[in-house]
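The next block holds one structure in the form of structure tokens; read it before the comments.
Proteins come first, then strands; the chains are lettered A, B, ... in the order of their sequence lines, and each starts at number 1.
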Amino acid sequence: VSLPPVDPQLLSAVRRGDRAASERLAAGIVPVVLRWCTHLVGPRLDPEDVCHDVLVQVLTRVDSLRDPVAFPAWLYQVTRREIGRQQRRRWLRDLLPGFLEDVPVPPPVHDDLARRVQAALDALPFAMREVLVLCDMEERPHDEVAALLGVPLGTVKSRLHRARRRFEADARALDLAPDALTDGSTP
Amino acid sequence: MSRFRAALRHLAEVRRPTAAQSQRVLTRLSRTMARPEALDRAPVPRPGGEERVLARLRRPEPARPWGAVLWLAPALLLLLLRVIEAPPLDRDLQGSGPVALTGDVTLDLDGSGRVEGTPGSPRIRWDEGAVRVSVRPDRGIALSVSTREGLVEVIGTGFDVRRDALGTTVAVDHGRVRVTCEAAPPREITAGETLVCPPISAAGRLARVRAIQQGGASPDELVAEIDAGLALHGPAAVLQELRALRFDVLVLAGRRAEAREAAAAYLREGGPRAASIEAVSATLEGAP
């Protein structure tokens, strides 16, 4: 899933409060944002909820973006920040029941292999998880990932190397043996 | 590609967001945008956001532990306040009538028990009779009621607990509660539902059998309850009475063959009614 080019005129129309332009922009980015949310929010948050809030942030904060070239990185940072905010709220909800309104927990994944892979992924620190999602799941070029994350190319490579090693170790610990992959990934 | 990376690709395929999911988000967004006041509640854009993003593109972001500390401080303060403000609860509950346990918890008693814990998490041990519990919703009250037969924990707001010969009966008025009967997995029941935790001793089962017998229970229900009681440990006199009761129920139900077996079981173990049971059992000999 690649990020669509952002038309500067579309951004200008969104800034002016053009409802149709806002809907067009949201429709263009929702598949990408929803995919990021699905893989990054962890098991205790609903990706659709987070995605909705990201889109609200994008449409209300678009004024702060003057250079459309920076839009993909800006969008990723908004998504990342919103995920962090909602994870903190979830943590607070668990710590102080009743302090915040309750939200439903998303239903579990039915595919057994996918559920175990997701569990291994969720066990990683966020910085490792995001680099695996962007590089190995979405197969983005490393330089594009570096631009999205706002880190040098070398940092992406070293982080990816560490993340893969850690993921493999966690996956083995979760009994995600290569044999299981053969059963689950081939219909 | 390593197998583990293939596993990640598999996950990406399985959890690929569908068009329906995207549409749900867009529909909800459209509703949000139709309410300008909802957008007004979104955090105000921070000035210089774009410059910060561009700056991140040029250099890695340094760690900012102070952000986490500043955010954690109010949460820890709230937690501390809850602990400081909570004088312990430790008193007997007896008699009948309403009792305001705390500002958020009201009890309507008709029996006896004891409350311990804190106003934020009262723990009621209920011994006998009925107690109606009302908890103000969304105040984070972790209230529980325990009896010999089970544990009732508040998830919702209002419920009744009655402890009598039948065991512990939990009836939910509104909201939800989690009930854990002795030696059984937890179950959640919601408004309008009732759950009974049966007695856990042979003597308790004997009392329950007599109570449901008076309520007109069928022979099958009575025999099942008696068998459950006989499976428990208890005084010999109680077990003898349960065996005698089993014999009586089967005779009255006309199930003669089973009654003869029940009589044999009673006579094998012995008991004060041995003579009369043997005599009745003899009249059943030869009957189908």
Side-chain angles (χ1 to χ4, degrees), chain A residues 19 22-23 26-27 30-31 33-35 38-39 47-48 51-52 55-57 59-61 63-67 70 73-74 77 88 92 95-99 101 109 111 113-114 117-118 120-121 132-133 136-139 147 149-152 155 164 167-168 171 176 178 180-182 184-185, chain B residues 1-19 21-26 28-30 32-34 38-61 68 71-72 74-76 78-79 82 137-142:
Chain A
R19 180 83 181 271
S22 297
E23 286 177 358
V30 70
V33 177
L34 193 51
R35 178 169 284 226
T38 300
H39 297 305
E48 289 182 35
C51 179
H52 166 269
L55 296 182
V56 170
Q57 297 287 326
L59 296 180
T60 52
R61 290 185 173 197
D63 278 344
S64 67
L65 178 74
R66 282 195 295 276
D67 184 359
W74 181 79
Q77 295 302 333
R88 286 191 295 274
L92 185 60
L95 183 71
L96 303 170
F99 185 70
E101 79 283 8
V109 181
D111 183 298
L113 176 63
V117 176
Q118 185 71 57
L121 195 62
L132 276 186
V133 168
D136 283 351
M137 293 176 71
E138 299 192 344
E139 298 183 318
L149 298 181
V151 298
T155 304
R164 282 176 178 162
F167 173 75
E168 290 184 12
L176 183 65
L181 177 61
T182 312
S185 62
Chain B
M1 190 192 306
S2 82
R3 281 176 179 273
F4 291 108
R5 283 168 65 194
L8 286 169
R9 291 291 307 144
H10 173 71
L11 175 64
E13 282 304 312
V14 169
R15 297 204 70 194
R16 179 198 297 272
T18 62
Q21 280 180 295
S22 296
Q23 193 52 50
R24 273 202 301 273
V25 173
L26 290 172
R28 189 172 152 200
L29 180 69
S30 179
T32 305
M33 291 173 66
L39 291 180
D40 289 343
R41 280 204 298 274
V44 176
R46 288 182 293 174
E50 183 186 2
E51 283 73 12
R52 277 195 298 279
V53 169
L54 290 171
R56 278 186 188 178
L57 291 175
R58 290 192 291 272
R59 58 177 169 71
E61 184 182 5
W71 188 88
L72 275 172
L76 289 174
L78 275 172
L79 194 64
R82 281 173 69 97
D138 304 326
R139 301 299 291 261
I141 305 295

- salt bridge (charged side-chain N to carboxylate O under 4.0 Å, His left out) involving B:Glu13 - partner list, sequence neighbours excluded: B:Arg9, B:Arg16
- With a 4.5 Å cut-off on heavy-atom pairs, point out which of B:Gln23, B:Gln21, B:Arg28 contacts chain A the most. B:Arg28
- Structural part of B:Leu26 lying under 4.5 Å from a heavy atom of chain A: side chain
- Among A:Leu55, A:Leu132, A:Val133, who wins on heavy-atom pairs under 4.5 Å with chain B? A:Leu55
- Task: Show your working on side-chain contact (heavy atoms from CB on, under 4.5 Å) between A:Val33 and B:Val25 and close with a plain yes or no.
- Result: CA-CA 11 Å; A:Val33 177; B:Val25 173; over 6 Å; no
- Message: Has A:Arg19 got a side-chain atom pairing as donor or acceptor with B:Ser30's backbone, closer than 3.5 angstrom?
- Response: yes
- Side chains of B:Leu29 and A:Val30 in contact at under 4.5 Å (non-hydrogen atoms): no
- Not counting sequence neighbours, which residues clear side chain to side chain donor-acceptor pair (under 3.5 Å) with A:His39? List them please. none
- OG1-CG distance between A:Thr38 and B:Leu11, expressed to the nearest 0.5 angstrom: 9.5 Å
- Task: Identify the two heavy atoms, one from A:Ala114 and one from B:Val14, that lie closest to each other, and give their separation to 0.1 Å.
- Result: CB-CG1, 3.8 Å
- Grab the two heavy atoms, one from A:Glu48 and one from B:Arg24, that are nearest each other, plus how far apart they are. OE2-NH2, 2.5 Å
